[in-house]
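All remarks here apply to the structure that follows.
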Amino acid sequence: MITIPHAYGFQLVASKTPLRTCELPALQPGPDEVVVEVAGCGICHTDVGFAFDSVPTRHHLPLILGHEISGRVVDAGESASTWLGCSVIVPAVIPCGNCPACRAGRSTVCRRQFMPGNDGNGGFATHVLVPARGLCAVPEPLPQGLTLDMLSVVADAVTTPFEAIRRSCLGADDVAVIVGVGGVGAFAVQIAAARGAAVVAIDVDRERLELVSLHGAGLVLDATSMDLKSMKAAVRAFTKESARNGIGLKIFEMSGTPAGQTTAFGLLDHGAYLAVVGFTPKAIELRFSNLMAFDATARGNWGCPPEQYPAALRLVLEGKVSLTPYVEFHALDEAPAILEAVANHSIRRRAILQPKRQQQNHTSEAAR
Ligand SMILES: [Zn+2]
Ligand SMILES: [Zn+2]
């Protein structure tokens, strides 16, 4: 065990209260565990749910949130010593590896999984203690323009849509419709385009739509000025123009809003596939029988199995998925204000907390 000078983080003490800074307990890795010095930790909608919407964490509070972590392994247990010194991405969901679900290849439904910032302390911290199992090695040196802290968003915002798209078997003959092109959906657009699909993006935010039209979307639809019928017609015309012969649309709900879910379900056509990636605790009303009438498939995914991380990371390293337009950086010490800014939507991009970044003296632009 090494001694880490001044290891600290920001914990949630109670829902609807600001995060509070805390010293980390001594980080002693077990035989199969490692201590990661955090380079960056992305802030996810799920963190906002824990902090502001009373979504309960599986580990009792107080708890350090954050499950989109990249960093360097600075300490390792005896069975994990080969990781020492390596740069890594920590999967958002780390399966146990030997329960019936894991052995059946369904590791995302492992009931003994570990999610940093939910089952134990997470990455809004200088260091985090995690299982070594499933770590994704980051090859160095990184291509120009990419940094280890930036790659934190691969841990969830990139891999979760990657897995949804992989499961849909989306290919070059398909039209993909991405509903909600914020922090997660914008990466889905690029992943779908990298697989050769023609991509439609739907959102209520003009700026987001403009950005994704530069990064993979062939058609963007502003849901604030269109009803479902006109969206359907536009998608149909685009499908015809793009000459894709795939059977049925592949629709990906990434907004996590009742309106987005209603739109996504409403776009189902014959043989369609609907992937549910966004989360909202709110219910919607829908005609469930449409699945039967259209011979359609609806499916969700809880994260992404660690074995798929290297392939998702490769898309980023090869420049097929660009992160830069969609991320912004903030000092870890600003975590309470930044989480609040994400919650009230005054931050537009995926916010990444950096322990090594100096805190700004002034109130951050976004948090104002
Ligand atoms: Zn997340
Ligand atoms: Zn398991």
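Start at 1 and go down the list; that is how both ligands and their atoms are numbered. All heavy atoms count here, side chains included; hydrogens, waters and symmetry mates do not.
In E23, the CD atom is crowded: over 12 heavy atoms of neighbouring residues, nucleotides or ligands sit closer than 6.0 Å.
Residue C44 counts as close to the Zn ion (ligand 1), with an N, O or S atom under 2.8 Å. In summary, D156 places an N/O/S atom under 2.8 Å from the Zn ion (ligand 1), meeting the contact criterion.
Vertex the Zn ion (ligand 2), arms ending at SG of C102 and SG of C96: the angle is 120° after rounding to 10 degrees. The SG atom of C110 and the SG atom of C99 meet at the Zn ion (ligand 2) at an angle of about 110°, given to 10°.
A salt bridge between D119 and R58 is present, with a side-chain N of the basic residue lying under 4.0 Å from a carboxylate O of the acidic one.
Side chains of T239 and E241: no donor on one and acceptor on the other come within 3.5 Å.
Using bins of under 30°, 30° to 60° and over 60° for the plane-to-plane angle, the ring pair F252/Y273 lands in the tilted bin.
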